[in-house]
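Throughout, protein chains are lettered first and strands after them, A, B, ... in sequence-line order, and every chain is numbered starting at 1.
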Amino acid sequence: MKEGNKRKQVLGELKSSLTGYLFVGPQLILFILFIVYPVLEGFKMSLYRQTYTEDIFVGLENYKELFADPVFIKSVFNTIIFVVAIVFGLFVATTVYDKSAKYISFIRGSFYLPVMVSMVVMSMIWNFLLNPANGLISYLLGNVGVDDVNLLGSSTWVMPTIIFVTFVGNVGQSIILYIASMIGIPEDYFEAAEIDGATRWQRMTKILIPLVRPTTLYLVVINIIAVLKIFVVIQLLTGGGPNNSSVTMMYYLYQNAFIYNNTGVAAAVGVLMFVVALLLSIPQFKAFGNKK
Amino acid sequence: MKWLKKIKGMERYDRITNIIVLILALLSLFPVYWLITNSFKTSADIYKMPPDVLPKSLYLGHFKELFKNQPALKWTFNSFFVSVVTTTLSVILSSAAAYAFAKLHFKGKKILFSLFIASLMVPKETFIVPLFKIVVAFDWVDTYQSMIIPNLAMCFGVFMLKSFFESIPDSIRESAKLDGASEWYIFWKLMLPIAKPGIGALFILNFVTFWNDYLWQLLMARSKGMSTLTVGVAGLMQEINPNIGLRVAGAAVAALPMIIIFIVFQKYFTKGIAAGAVKE
């Protein structure tokens, strides 16, 4: 009798496991085929040098080559400079969080529209605006006395310009997330603070900013990761120039993989980016884990 | 304009920051505004400095040229086709998986779900070289499947919908089970309709993601006719004879569906982004 019950239980468990896998299965197969396998393959590829006839195992040579290449080192730095959007997102959100719904949605929409129209379109627009011969920006700068402006052709100005363009195209994301989490904060907190005579500045720094810390953490991570993969702007605005001064990691990867046919080195860049992304998101996973 | 009046009655610090934010918001709209207005100008008017704030005439020549001399119609079709198919399949696959993670019990569930979540943080670009190799091995380059199937592996939807399914009370499932309903029936007929708001938001978010996808589609589209709008239009930038009007019109056509979606679905949309991202 007892044996039979146990058996039934095991069978039942098996059956429910099977149902579960039937539901997850299709997604899982795609996941393994197009994410897990390529990641492992990427690690492997980064240890090989590909020639037309065979793949030669070269150990860490690709990585060595990478770190010996000044363009790569430059690309890492160029990548690091990008992280500015979070502070601005926080500024906008703290400014509008307690305003009328209409005003908030106007502000949110204005900053988010550039995100919607994609980096490809934004890059094209900035290409027109920044054109040294007939762009609007060159015209405006010329009017205040700055002549012969070629922001994208100057190795000093090209990165600040690219950063600005990326910033305009992406900052809406941070703003939307901040506003969403600030709206979720119960109003009594602010009412209580107001009764105690807290100024706006105090309310912001003592209540608002600490309470949205999980969002800040999340945004730091996704912004750094987004920066790692900056590609379109570079391709459409500068092609990495002048003199490689605007090469980002992703652009470096792209060039090596699909133009110079250096797949080993490109895979090595990918692995490094992968590791960075994973390390960055560990605190994020912990936050996910604690909740459940 | 009521909110403008409100600005006058604020604390000083608040007033200054709000005016700054308002100005920046308008500036942030400017590039898109510039794009739309210039797409209706003649090339000569686009080059004119100082520029006209509004186009003097609604010149449609660039759009005509775009659709006549460039395969822009095919690009538009490709973009819609790829985005709609990818989105639909991805929503179905990820809602099934999300349902299992939220409501069913099976071995290895926790580990699998953490793996899925881990993949959310790692951009596809990091393993794009091996991914490309796989697609080449399948001989899929320059086909629709290459533009659709690898993108389905993305687990964002699983993550986003799981919380929707979790919020549905277990009692619904249990009473349906007592009535003898199969798991599939419960999922398809009961759970999916309840999770509709989440699915709608996911649909829009995914559609936008796939519509704006660039690098992958660039690698996949070998022939000009297989390009999606973003790839085809970006390609105009690299052509040797610069025709500024044509390029502006191309960028406007690529941007327009997104602008419309944003205006129509704004509410859905901001909710979706928040639901998907800030589940701390």
Practice task
Let me know if A/Met119 has heavy atoms under 4.5 Å from chain B in its side chain, its backbone, both or neither.
Solution key: neither
Exercise for the section: Using the test side chain to side chain contact (heavy atoms under 4.5 Å, CB included), find all partners of A/Ala268 that sit at least two apart in sequence or belong to another chain. Expected result: A/Ser46, A/Asn62, A/Tyr63, A/Leu66
Problem - side-chain hydrogen bond (donor to acceptor under 3.5 Å, both in side chains) pairs, two or more places apart, involving residues 118-131 of chain A - result: A/Asn131-A/Asn134
Practice task
Check each atom of A/Met122 against the heavy atoms of chain B and say whether the ones under 4.5 Å are side chain, backbone, both or neither.
Solution key: side chain
Problem - Residue part contacting chain B, namely of A/Val115, when any heavy atom lies under 4.5 Å - result: backbone
Exercise for the section: Can you tell which part of A/Phe43 gets under 4.5 Å to a heavy atom of chain B, answering side chain, backbone, both or neither? Expected result: neither
Exercise for the section: Would you mind checking if A/Lys99 and B/Asp14 are paired as a salt bridge, meaning a charged N to carboxylate O distance below 4.0 Å? Expected result: yes
Exercise for the section: Calculate, to the nearest 0.5 Å, the distance between atoms CG and CD belonging to B/Leu215 and A/Gln235 respectively. Expected result: 8.0 Å
Practice task
Taking the side chain as every heavy atom from C-beta outward, state whether B/Val32 and A/Met116 have any atom pair closer than 4.5 Å.
Solution key: no
Handout entry: Any A/Phe111 side-chain heavy atom under 4.5 Å of B/Leu29 side chain
Key = no
Problem - Centroid-centroid distance, B/Phe262 to A/Tyr112, less than 6.0 Å - result: yes
Fill in the blank from the handout: Turns out that what part of A/Phe258 lies under 4.5 Å from chain B's heavy atoms comes down to side chain
